[in-house]
Protein chains: 2
Amino acid sequence: MARAKKIPSTTVSRLSVYVRALQKLRNEAVVTTSSEKLAEQVGLTAAQIRKDLAYFGQFGVPGRGYYVENLHNELAMILGINRRWEVALAGVGHLGYALLAYNGFKKQGFDVVVAFDKDPAKIGQTWEGVKIYDIAEARHVLPECGAEIGIIAVPAASAQEACDALVAGGLKSILSFAPGRIIVPPDVTVKRVELAMELEWLSYYATNIGERG
Amino acid sequence: MARAKKIPSTTVSRLSVYVRALQKLRNEAVVTTSSEKLAEQVGLTAAQIRKDLAYFGQFGVPGRGYYVENLHNELAMILGINRRWEVALAGVGHLGYALLAYNGFKKQGFDVVVAFDKDPAKIGQTWEGVKIYDIAEARHVLPECGAEIGIIAVPAASAQEACDALVAGGLKSILSFAPGRIIVPPDVTVKRVELAMELEWLSYYATNIGERG
DNA sequence: TATTGTGAAGGAATTCACAGCC
DNA sequence: GGCTGTGAATTCCTTCACAATA
């Protein structure tokens, strides 16, 4: 099933976009679509969509297009989201709490099942049905709760420590909201989301009007 | 000051990273650095850093490197973050509230000064010192409060409506946390952050172990 | 000597364009 | 006729390598 050719990480990111678009079509009971229509829907080019899909196989019917249900299932399987993922959250400050309560994750099959913090006032409590443990206990707690993905929502200064704790607990996939580099063993994947950075990007384009394509 | 050559958007993103690294060095009272040391610090190559900077001018001293303070100021000016930006927030659910209370934005000079929602129970209240207005009032409220950047933190189904309201209020730069495309006039810039998408990216790499570089 | 700034080379991602299939 | 899948062309981005400089 996995192709020999190397897959651009930009392609992987776009698969998520396609899945979301297909979910929408499915909800609207649309049965078939085309690369042209999908492109219009998500704001990319038709050729790009066909190229992206071609990395993984042949899902369309020439002259007809794609079956929404079928393509959705194929892509969900490729992305590994045709299942539930249990997620561990490090840091239940404002951002962490928002993520805990955020519906969008659950809807896509990502369930926060355990949380960690350093604050003694929070440790031992249960928020939104999720129990909060001492981050120092992560190495003991994680192996027992089945979480495979970690989310780091602690201040930058504690990010490395939090990450080390999650890795010690066996996690190999981590999404970090903390600014700055985090060092991990080579078999651990870290994806960073820097919120202030996104605003700075906007600031740049707002400051340098017209530099944009 | 602005160069004639077209600047890759990847370069702009990295400028933020450099600014953050330089801030750290400055806090540690480091006076000079080099492309080599910066590269090590942020996890990129030295050549890339020099290329990125070259789009905007010549900031270094051959044989010596870069003055931390100077380079930081130059980049901050280029990014337009050598000033405060007033930000309007649409949607004060869990995510919106987290963004409202998030320190990271304020630290980098982005101040949420006004918020909007549809929920009558929230309209009129003041959270974290920020007054919440009816989103339908945005076109009247925004011109008076000076906000130039908007953040959309509403559910996907209301995103277009929220965005239209912000644009009607005169905003030209918008950061959206809602999944899906938002249609805006050509002079408005929208940057999207899709949280579930980032998790799906991790899911892919966790599922297809070893496909990674 | 150490390090920048940059032209040239190389690699990656996107777009084009069309043969082939339904 | 309509639309996919894909090699070729193109554009974009990164890395290399070195002349120029303090």
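Computed from heavy atoms alone, side chains included, the values below leave out hydrogens, waters and symmetry copies. Every chain is numbered from 1, with letters handed out A, B, ... down the list of sequences.
No hydrogens or angles considered: a donor-acceptor pair under 3.5 Å links the side chains of B/D164 and B/Q160.
Along DNA chain C, the nucleotide nearest to A/T10 and the one nearest to B/T33 differ in position, and the one closer to the 5' end is contacted by B/T33. Positionally, the nearest nucleotide of DNA chain C for A/S9 lies more toward the 5' end than for the other of A/G63 and A/S9.
For A/P62, counting side-chain heavy atoms from C-beta on, the closest listed nucleotide (D/dG2, D/dT15, D/dA20) is D/dG2. Of the candidate nucleotides C/dT14, C/dT4, D/dA22, C/dT14 has the atom nearest to the side chain of A/R14. Closest to the side chain of B/S34, out of D/dT4, C/dT4, C/dC22, is C/dT4.
In this structure, A/T45 reaches the C/dT15 phosphate: one of its side-chain N or O atoms is under 4.0 Å from OP1 or OP2. Taking side-chain N and O atoms only, B/Q48 has a distance below 4.0 Å to OP1 or OP2 of D/dT15. The phosphate of C/dG5 (OP1 or OP2) has a side-chain N or O of B/Y66 nearer than 4.0 angstrom.
Here D/dT14 presents its P atom at 13 Å from CG of B/L53, a figure rounded to the nearest Å. The CG-P distance, from B/L71 to C/dT4, rounds to 10 Å in whole Å. Summarising the geometry, the separation between CZ on B/R50 and P on D/dT21 is reported as 16 Å, rounded to the nearest angstrom. Distance B/L38 CG to C/dA2 P: 19 Å, rounded to the nearest Å. Rounded to whole Å, the distance from CG on A/L44 to C1' on C/dC16 is 17 Å. What separates CD1 of A/I7 from P of C/dT14 is a distance of 14 Å, to the nearest Å. For the pair B/E36 CD and C/dT1 P, the interatomic distance rounds to 17 Å; values are reported in whole Å. What separates CD of A/Q58 from C1' of C/dC22 is a distance of 14 Å, to the nearest Å.
Judged by atom type and distance alone, A/K51 does not reach the base of D/dT6 through any side-chain donor-acceptor pair under 3.5 Å.
Atom CD of B/E36 is surrounded by 12 or fewer heavy atoms from other residues, nucleotides or ligands within 6.0 Å.
Side-chain atoms of A/S158 do not come within 3.5 Å of backbone N or O of A/E161 as any donor-acceptor pair.
A salt bridge links B/R83 with B/E148: the closest approach of a Lys/Arg side-chain nitrogen to an acidic carboxylate oxygen falls below 4.0 angstrom.
B/T11 comes within 4.0 angstrom of no nucleic acid atom, judged by non-hydrogen atoms across all strands. Backbone-only contact: B/R64 has heavy atoms under 4.0 Å from sugar-phosphate atoms and none from a base.
Using cut-offs of 30° and 60° for the angle between ring planes, the B/F110 and B/W85 rings count as parallel.
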